[in-house]
2 protein chains.
Amino acid sequence: MTSRAETLSKLAEVFRAHGYEGASLARIGRATGLGKGSLYNLFPGGKAEMATCVLAEIDGWFETNLYAPLRAAERPGEAVAAMFDAVDAYFRSGRRVCLVGVVALGSERDRFGEAVRSYFARWVAALADALQRSGRDAAGSTALAEEIVVQIQGAIVLSRALDQPAVFSRAMTALRARAAAD
Amino acid sequence: MTSRAETLSKLAEVFRAHGYEGASLARIGRATGLGKGSLYNLFPGGKAEMATCVLAEIDGWFETNLYAPLRAAERPGEAVAAMFDAVDAYFRSGRRVCLVGVVALGSERDRFGEAVRSYFARWVAALADALQRSGRDAAGSTALAEEIVVQIQGAIVLSRALDQPAVFSRAMTALRARAAAD
DNA sequence: GTCTATAAAGCGATAGAC
DNA sequence: GTCTATCGCTTTATAGAC
């Protein structure tokens, strides 16, 4: 028996590496070690369902490891710092792309629009919540939260474009300082 | 006779809308109004050459309209402000994606790596040059230039993801202020 | 220079054996 | 549950008429 969850992470890497259109069933089969029969048994909806499940899995990971801690933290300042640690590890200092961000830029945005919107909206909201509870006013918290998410996404683009992970690291360092200051 | 230059802008829109893999020759033919024979006559190297030429055209546009003015400006502060005007118009307040940024995130980065690297490196360098000549120190100029390009790219991602062009506009407004301050 | 016809390969998806 | 064989379609690219 092949577990769906096991397959999902390998599946995610294929979508990350080649995009939705570039992730052919041949590549997916090679990466997962599964034949088409097994893949369609696990995901009856085919490639579209695979992508939907991958996005849901990513969303769940961020909800559990980033958003929920930001909202629930007793010491929100530490939760924000922990978020930067998690972001740096997850995106491998900019070497790993944000699949949800890639989808947002592509034509698949229409198909997966609500998942994309929700992922980013909850990120900004959870971060703004933590920033506000650490002493900022509401407007300033939202603005800074939005800017932090913007810079994380942009830093992935620029560090990959220049092939310099240091670009990502510098951006994170600067943002940590901004978030920590009152 | 069909001009290569005329075709390039329509070609660019197809790549922007569907990505490299999603831009099929059928779509390209429809968008340009040209048959395959004409397309291969204009671009003997096929789709890869089309993409290379599109990236070169975009690069040329930015070089002429953004980078060169930033480097040559007698009043660098005004050149930076003009850059923000041009960026806002070109990216349609975040509704239009940056094709070079999209390539940087995808698997085509390896194929077009040098074009992508050069486009962003020259953007950051030209902007840093203008910022320094407007009174900043060298290190601060480079850091701010890098952050501005990062935020432009990230603002495109987030504004598209949330389907809110206002996100892009807010980021540009904040950056203008940062760049104008001494 | 532009077209249509066609080739050869790859695509997503399905059927059916085991 | 996993495989292979296959369908029908689309892909990039070429050939050749005009």
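To find a chain, count down the sequence lines: A is the first, B the second, and so on, and within it residues start at 1. None of the values given here were measured: they were computed from a predicted structure.
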Check the distance between [N]'s [atom2] and [X]'s [atom1] and give it to me in whole angstrom.
{"X": "B:Leu34", "N": "C:dG1", "atom1": "CG", "atom2": "C1'", "answer": "10 Å"}
{"X": "B:Glu49", "N": "D:dT14", "atom1": "CD", "atom2": "C1'", "answer": "16 Å"}
{"X": "B:Phe43", "N": "D:dT14", "atom1": "CZ", "atom2": "C1'", "answer": "18 Å"}
{"X": "A:Arg111", "N": "C:dG12", "atom1": "CZ", "atom2": "C1'", "answer": "12 Å"}

Is [Y] paired with [X] through a side-chain N to carboxylate O contact shorter than 4.0 Å?
{"X": "A:Lys10", "Y": "A:Glu13", "answer": "no"}
{"X": "B:Arg176", "Y": "B:Asp85", "answer": "yes"}
{"X": "A:Glu21", "Y": "A:Arg111", "answer": "no"}

Option passing side chain to side chain contact (heavy atoms under 4.5 Å, CB included) with A:Val150 (candidates B:Leu158, B:Val157, B:Ile152):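 The residue from B:Leu158, B:Val157, B:Ile152 that satisfies side chain to side chain contact (heavy atoms under 4.5 Å, CB included) with A:Val150 turns out to be B:Leu158.
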For B:Glu114, which residues count as a side-chain hydrogen bond (donor to acceptor under 3.5 Å, both in side chains) partner, sequence neighbours excluded?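 B:Arg117.
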With under 30° as parallel and over 60° as perpendicular, where do the rings of [X] and [Y] fit, or are they tilted in between?
{"X": "B:Phe168", "Y": "B:Phe91", "answer": "perpendicular"}
{"X": "B:Phe15", "Y": "B:Tyr20", "answer": "parallel"}
{"X": "B:Phe120", "Y": "B:Trp123", "answer": "parallel"}

Name the closest nucleotide to the A:Tyr40 side chain, picking from C:dC3, D:dT12, C:dT14.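 Nucleotide nearest to A:Tyr40's side chain: C:dT14.
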Out of C:dT2, D:dT12, C:dG12, which has the shortest distance to the side chain of B:Lys47?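 Among C:dT2, D:dT12, C:dG12, the one nearest the side chain of B:Lys47 is D:dT12.
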Collect all protein-nucleotide pairs involving nucleotides 5-9 of chain D in which both atoms are nitrogen or oxygen and the distance is under 3.5 Å.
none

Taking salt bridge (Lys or Arg N to Asp or Glu O under 4.0 Å) as the test, write out the residues that go with A:Arg95, two or more places apart.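 Scan of A:Arg95 (salt bridge (Lys or Arg N to Asp or Glu O under 4.0 Å), adjacent residues dropped) gives none.
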Pairing residues for B:Glu108 by the salt bridge (Lys or Arg N to Asp or Glu O under 4.0 Å) criterion, not counting sequence neighbours: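 Once residues adjacent in sequence are excluded, B:Glu108 has no partner under the salt bridge (Lys or Arg N to Asp or Glu O under 4.0 Å) criterion.
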Tabulated below should be each protein N or O lying under 3.5 Å from an N or O of nucleotides 16-18 of chain D; please produce it.
none

Any side-chain heavy atom of B:Leu66 within less than 4.5 Å of one from B:Tyr90?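 B:Leu66 vs B:Tyr90: side chains apart.
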Could you identify which residues of residues 14-29 of chain A place a heavy atom less than 4.0 Å from some atom of DNA chain D, listed by residue number, or say none?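 Residues of residues 14-29 of chain A under 4.0 Å from DNA chain D: none.
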